There are 2 protein chains.
Amino acid sequence: MRKSKRERQRLLQETIRENPFVTDEELAEKFSVSVQTIRLDRLELSIPELRERIKHVARQSFADKVRALPLEEVIGDIIDIEPDASAISIFDVKEEHVFRRTRIARGHHLFAQANSLAVAVIHDELALTAKATIRFVRQVKEGERVVAKAKVTGKTESGRTVVDVNSYVGQELVFSGTFEMYRSNMEKKDGDSNEHRD
Amino acid sequence: MRKSKRERQRLLQETIRENPFVTDEELAEKFSVSVQTIRLDRLELSIPELRERIKHVARQSFADKVRALPLEEVIGDIIDIEPDASAISIFDVKEEHVFRRTRIARGHHLFAQANSLAVAVIHDELALTAKATIRFVRQVKEGERVVAKAKVTGKTESGRTVVDVNSYVGQELVFSGTFEMYRSNMEKKDGDSNEHRD
DNA sequence: TTACTTTTAGTACCTAGTCATAAATCCGGG
DNA sequence: CCCGGATTTATGACTAGGTACTAAAAGTAA
């Protein structure tokens with residue numbers, strides 16, 4: 001069944017978005033029109049040719065891949081840090097951080113930002129989270145910018161460092177956590193660790 | 001400076017690995033040989049042509065992207081689930097989950113697995129973590145497989161569901177957490193839902 | 001020199017297009 | 001019925017970045 005021009009072009013866009021690897025010839029067959037018509041359609045819709053589309057996808061993923069691992073080290077951008085005292089990081093909630101249906105940020109990303117910051121604020125070769133009590137105060141939505149503020153508040157008798165992290169969207173508290181951090185360079189007193197070397 | 005065949009082919013492989021978008025012509029210029037020589041080299045080294053390379057990169061990233069979002073929905077693979085009762089997931093600690101220097105898993109990944117499982121076990125349209133108390137019992141290393149077991153243990157007077165999650169490597173407890181989950185359909189008593197989106 | 005490897009050149013063909021021009025077809029109004 | 005604009009199709013010339021094959025030239029070692 002041949003569709004109207006409008007309808008065909010709408011479906012064309014959708015088809016290519018879903019599968020950028022489709023050729024004009026395949027599209028022509030799919031819509032029962034000539035290849036030339038498909039090309040006219042692409043021209044009108046400013047859809048580039050197959051090879052350009054593929055190149056674009058490849059370029060993007062290539063750039064992403066390079067960025068992926070090193071960036072993972074710290075979740076959020078640290079914008080201020082005073083070692084063993086305090087630190088601040090910002091984290092922009094994007095599409096990939098939210099539940100698809102509700103657009104609400106998944107808890108572990110807020111945790112990751114806070115945990116990451118707690119690790120970073122510890123001025124030591126090795127810092128690990130031993131224990132944490134956290135509270136998700138209010139939901140964070142896609143597009144919001146979360147500012148996490150970490151403050152070193154003290155030490156436990158077992159020598160762990162306690163870090164409080166509060167995260168805000170604007171003036172509003174959205175997340176709050178207390179982290180007990182294990183660190184390697186405690187004067188002495190080695191509890192239960194094995195080795196840690198580079 | 002013209003290199004030996006061996007040396008040129010070694011560099012050729014490296015060059016293409018680093019930048020798959022390079023044409024034979026550009027390579028010919030780079031190594032001061034003819035385009036035909038480059039093609040012979042590619043043939044001997046079984047390196048596909050530019051377009052195939054790009055297509056490959058694009059295909060991979062496209063598959064990743066399609067997999068990335070829905071897969072991100074749950075961290076770890078759920079291998080068993082009894083809605084509103086219990087669930088089990090496994091999570092293999094890979095390179096991207098550990099601190100580079102120590103090869104110890106970053107806390108937020110263990111948290112993410114547990115949190116994700118706590119969300120999944122709740123048989124409801126919307127489940128969000130309101131509060132969590134967690135403990136990282138022992139360090140998890142790259143290559144280890146973490147099995148998380150979630151159990152719904154009760155409800156708070158405010159109507160939240162409490163989920164306990166314990167994660168193990170082998171028989172050893174590595175992570176333990178108590179999650180207080182907010183859920184949308186708290187009053188609803190019926191078991192089966194007919195709507196399954198996504 | 002001869003024998004062999006390596007490199008270069010040239011041709012025909014391929015895919016998945018571009019651009020431009022022209023012709024055919026469709027669809028509605030008068 | 002014919003007319004006219006929109007739409008579709010056809011055709012030809014050209015492109016990039018190749019493959020596949022043949023042939024010749026250049027380099028190298030005994």
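Lettering of chains follows the sequences in order, A, B, ..., and the numbering in each one begins at 1. Note that the structure is predicted; figures quoted are calculated from it, not measured.
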task = Using atom CG of B:L43 as one end and atom C1' of D:dG18 as the other, report the distance to the nearest whole Å.
result = 13 Å
ask   = What integer distance in Å separates B:D41:CG from C:dT6:C1'?
value = 10 Å
request  = Measure from the side-chain heavy atoms of A:D24 and tell me the nearest of C:dT8, D:dA10, C:dT18.
outcome  = C:dT18
remark   = Scanning both residues in full, the closest heavy-atom pair of A:T15 with A:L27 reads CG2-CD2, 3.9 Å
message = Rounding to an integer number of Å, can you tell me how far A:E49 CD sits from D:dA16 C1'?
response = 9 Å
ask   = Do you know the tightest heavy-atom contact between B:I88 and B:K149?
value = CG1-CG, 4.1 Å
ask   = Starting at NZ of B:K5 and ending at P of D:dA29, how long is that distance when rounded to a whole Å?
value = 15 Å
query = Within a reach of under 6.0 Å around CZ of A:R135, are more than 12 heavy atoms found that belong to other residues, nucleotides or ligands?
reply = no
key: Out of C:dT7, C:dG17, D:dG17, whichever nucleotide has its closest atom nearest the side chain of B:R8   = C:dT7
message = Taking the minimum atom-to-atom distance to the side chain of A:R42, which one of C:dG17, D:dA10, C:dC19 wins?
response = C:dG17
inquiry  = Over all strands shown, is A:R53 touching base, sugar-phosphate only, or nothing at heavy-atom distances under 4.0 angstrom?
reply    = nothing
key: Integer-rounded Å distance: C:dT8 P and B:E25 CD   = 14 Å
query = Within this structure, what is the CG-to-C1' distance between A:L40 and D:dA6, rounded to whole angstrom?
reply = 12 Å
query = Rounded to whole angstrom units, what separation is found between the CD atom of A:E29 and the P atom of D:dT9?
reply = 13 Å
ask   = Considering the options B:R8, B:R10, B:R6, B:K5, which one meets the salt bridge (charged side-chain N to carboxylate O under 4.0 Å, His left out) requirement together with B:E44?
value = B:K5
ask   = Rounded to the nearest Å, what distance is computed from the CD1 atom of residue B:I38 to the C1' atom of nucleotide D:dG17?
value = 14 Å
key: salt bridge (charged side-chain N to carboxylate O under 4.0 Å, His left out) partner of A:E172, chosen from A:R138, A:R145, A:K141   = A:R138
query = At under 4.0 Å, does any side-chain N or O of A:T37 touch on OP1 or OP2 of D:dT8?
reply = no
message = From C-beta outward on B:R39, which listed nucleotide comes closest to its side chain: D:dT19, C:dT18, D:dA16?
response = D:dT19
query = Hey, which of these two, B:Q36 or A:T23, hits DNA chain C nearer its 5' end, going by closest nucleotide?
reply = B:Q36
query = Between C:dA16, D:dT9, C:dT8, which one does the side chain of A:V33 approach most closely?
reply = D:dT9
key: Per A:R51 side chain, nearest of listed nucleotides D:dG18, D:dA16, C:dT6   = D:dA16
